[in-house]
Amino acid sequence: MQVPAQVEYERAVSVGHALTLLARYGPRAAVLAGGHSLIPMMKLRLAQPETLIDINALSELRYVEVADGELRVGALARHADLLESAVVGERFAILHDAEQVIADPVVRNWGTVGGSLCQSDPSEDLSAAFAALKATLVITGPDGTRTVPARRFHTGPYETVVAPGELLTEIRVPASPGGGSAYAKVCRRAGDWPLAAAGAMLAVDGGTIVEAGIGLTAVGSRHFCASEAEEHLSGAPATPERLAEAGRIAAQHCRPVSDQRGPASYKRHLAGELTVRALRRALLRARAGER
Ligand SMILES: Cc1cc2nc3c(=O)[nH]c(=O)nc-3n(C[C@H](O)[C@H](O)[C@H](O)COP(=O)(O)OP(=O)(O)OC[C@H]3O[C@@H](n4cnc5c(N)ncnc54)[C@H](O)[C@@H]3O)c2cc1C
């Protein structure tokens, strides 16, 4: 049985306390949220922090609410909090779609939104969903807070712009008037990581697409988004042909790799097909006044 190396443990009781502890222990400290990714990485010795700063007592970071016209999600909100949120189901359906197919109830009850984004796994689902929604992430450190677009948050596999001593504290999603959104994923077994998945957000005015957001995961897309396909849609007529062409463009520009989940050619095919499915559903929702 694999066990992690010996590690010191501190339990933070507030954001300020967590920042003090992070400053005290330096870059060899790691934030512990749900632990569903960090603890397995420690067991494999892929992560070897000297100190764990447990943030699970920070109830101030556990919320899902709409304020000033935008969705605000605290970094410690659990997957289940997003899934069970009525406002998310009604107005940010892409997040509801995504959460239904992330892992299983055990993981969703304890894994956090912030931990998922900070883990920066190249197959992570919420990173693609928040990229499609053009979310902004709030990072808090010793010098105060700064905001970063979700599309600039990940700097590579398992790497983000969160510096040692900082915490991701909030995710903000702008409400898009006339918008609809959806998420589509293919995995080998229910609750598994995706072979490929796509999220889409469309804002329409009459028959015209006024704004498009497309997120992709597990297929090597830079910053989890398909900007070339988005450009093809913005300001264009919302026709089936246009959506199909956007799918082709998304597939063309991603860079999947072959692995135990499937060959690169199949993943590229899925990227295009799932993009079109998510776009179609987002459009239906936009027209039905759902989101
Ligand atoms: C069996 C299983 C199946 C899964 N299936 C899927 C799936 O299908 N799709 C999917 O997307 N995910 C899946 N996951 C991952 C799951 O979503 C985890 O919850 C997620 O990867 C990490 O969240 P966590 O809260 O457990 O973070 P942790 O493991 O506690 O932390 C992950 C990393 O983020 C850092 N961190 C955490 N919170 C913060 C913060 N607020 N500020 C700064 N750094 C922070 C930690 O230091 C660590 O480096 C699966 C996990 C398991 C165990």
Side-chain angles (χ1 to χ4, degrees), residues 4 7 9-10 12 14-15 18-19 21-22 25 27-44 46-58 60-63 73-83 95 97-131 137-141 145-146 148 153-154 157-171 183 185-197 199 215-218 224 261:
V7 64
Y9 174 88
E10 293 273 9
S14 67
V15 169
L19 295 176
L21 291 171
L22 285 170
Y25 290 101
R28 298 306 306 269
V31 172
L32 175 68
H36 277 305
S37 294
L38 181 57
I39 301 298
M41 298 271 284
M42 289 171 62
K43 286 182 175 178
L44 294 168
L46 294 171
Q48 289 191 281
E50 288 174 358
T51 309
L52 289 179
I53 314 289
D54 185 345
I55 61 167
N56 280 281
L58 306 191
E60 65 207 268
L61 291 185
R62 186 175 179 181
Y63 55 88
V73 181
L76 204 64
R78 311 286 171 180
H79 291 293
D81 296 334
L82 268 190
L83 188 57
L95 297 175
D97 290 351
E99 285 295 3
Q100 283 184 311
V101 289
I102 290 178
D104 50 47
V106 174
V107 174
R108 290 198 295 262
N109 282 340
W110 202 245
T112 65
V113 175
S116 297
L117 296 177
C118 289
Q119 178 64 15
S120 194
D121 187 297
S123 300
E124 205 275 311
D125 284 294
L126 288 182
S127 299
F130 283 117
L137 309 191
V138 181
I139 297 168
T140 304
T145 62
R146 62 191 176 102
V148 179
F153 183 74
H154 302 94
Y158 310 105
E159 288 177 2
T160 73
V161 297
V162 179
E166 291 185 321
L167 278 178
L168 172 64
T169 45
E170 188 178 71
I171 300 95
Y183 195 76
K185 168 172 168 175
V186 165
C187 46
R188 291 181 303 174
R189 296 163 299 203
D192 203 354
W193 294 84
L195 267 87
L216 285 174
T217 191
F224 292 93
R261 292 200 181 104

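In what follows, residues are counted from 1 in the order of the sequence shown. Read the numbers this way: they start at 1 and go in the same order the structure lists the ligands and their atoms.
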List ligand 1 atoms under 4.0 Å from [X], heavy atoms only on the residue side.
X: E124; value: 11 (O)
X: G35; value: 24 (P), 26 (O), 27 (O), 28 (P), 29 (O), 30 (O)
X: G34; value: 24 (P), 25 (O), 26 (O), 27 (O), 30 (O)
X: L167; value: 42 (N)
X: H79; value: 16 (C), 17 (O), 19 (O)
X: C118; value: 34 (O), 35 (C), 36 (N), 39 (C), 40 (C), 42 (N), 43 (C), 44 (N), 45 (C)

Margin query: I'd like the name of whichever of T140, D192, L168 reaches closest to atom 40 (C) of ligand 1 through any heavy atom.
Written below: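 Considering heavy atoms of T140, D192, L168, the nearest to atom 40 (C) of ligand 1 sits in L168.
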Check: So between L38, V107, I53, whose heavy atom ends up nearest atom 2 (C) of ligand 1?
Finding: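 Going through L38, V107, I53 one by one, V107 has the nearest heavy atom to atom 2 (C) of ligand 1.
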Notebook entry, point to check: Is it the case that Q119 and S116 place a side-chain donor and acceptor less than 3.5 Å from each other?
Noted result: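 Absent: no donor and acceptor within the cut-off.
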Note to self: Pairing donors with acceptors under 3.5 angstrom, does anything connect the side chains of H36 and T112?
What the structure shows: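 Not at all, the side chains of H36 and T112 share no donor-acceptor pair under 3.5 Å.
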Item checked: Residues in side chain to side chain contact (heavy atoms under 4.5 Å, CB included) contact with E50, at least two apart in sequence or another chain ->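 E50 satisfies side chain to side chain contact (heavy atoms under 4.5 Å, CB included) with R28 only.
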Note to self: Once side chain to side chain contact (heavy atoms under 4.5 Å, CB included) is applied, do any residues pair with A103, and if so which ones, sequence neighbours excluded?
What the structure shows: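 Residues passing side chain to side chain contact (heavy atoms under 4.5 Å, CB included) with A103: V107.
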Notebook entry, point to check: Is the closest heavy atom of G191 to ligand 1 under 4.0 Å?
Noted result: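 Flag set, G191 near ligand 1.
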Notebook entry, point to check: Is it true that R108 lies under 4.0 Å from ligand 1, counting heavy atoms only?
Noted result: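 It does not; every heavy atom stays at 4.0 Å or beyond.
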Next item on the list: Output yes when a side-chain donor or acceptor of T217 lies under 3.5 Å from a complementary backbone atom of P122, and no otherwise.
Entry: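 Yes; judged by distance alone, with no hydrogens or angles, the pair exists.
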Next item on the list: May I ask you to decide if I102's main-chain N or O and R108's side chain share a donor-acceptor pair within less than 3.5 Å?
Entry: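 Yes.
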Next item on the list: Return the residue, atom name and 0.1 Å-rounded distance of the protein heavy atom closest to atom 47 (O) of ligand 1.
Entry: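 Protein heavy atom with the smallest distance to atom 47 (O) of ligand 1: V31 O, 2.6 Å.
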Check: Is D104 in polar range of ligand 1, meaning some N or O pair under 3.5 Å apart?
Finding: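 No, D104 has no N/O under 3.5 Å of an N/O on ligand 1.
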Notebook entry, point to check: Taking non-hydrogen atoms only, is D125 closer than 4.0 angstrom to ligand 1 via side chain, backbone, both or neither?
Noted result: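 It is both parts that get close, each with some atom under 4.0 Å.
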Notebook entry, point to check: Are R78 and D81 within salt-bridge range, i.e. N to O under 4.0 Å?
Noted result: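 No, R78 and D81 are not salt-bridged.
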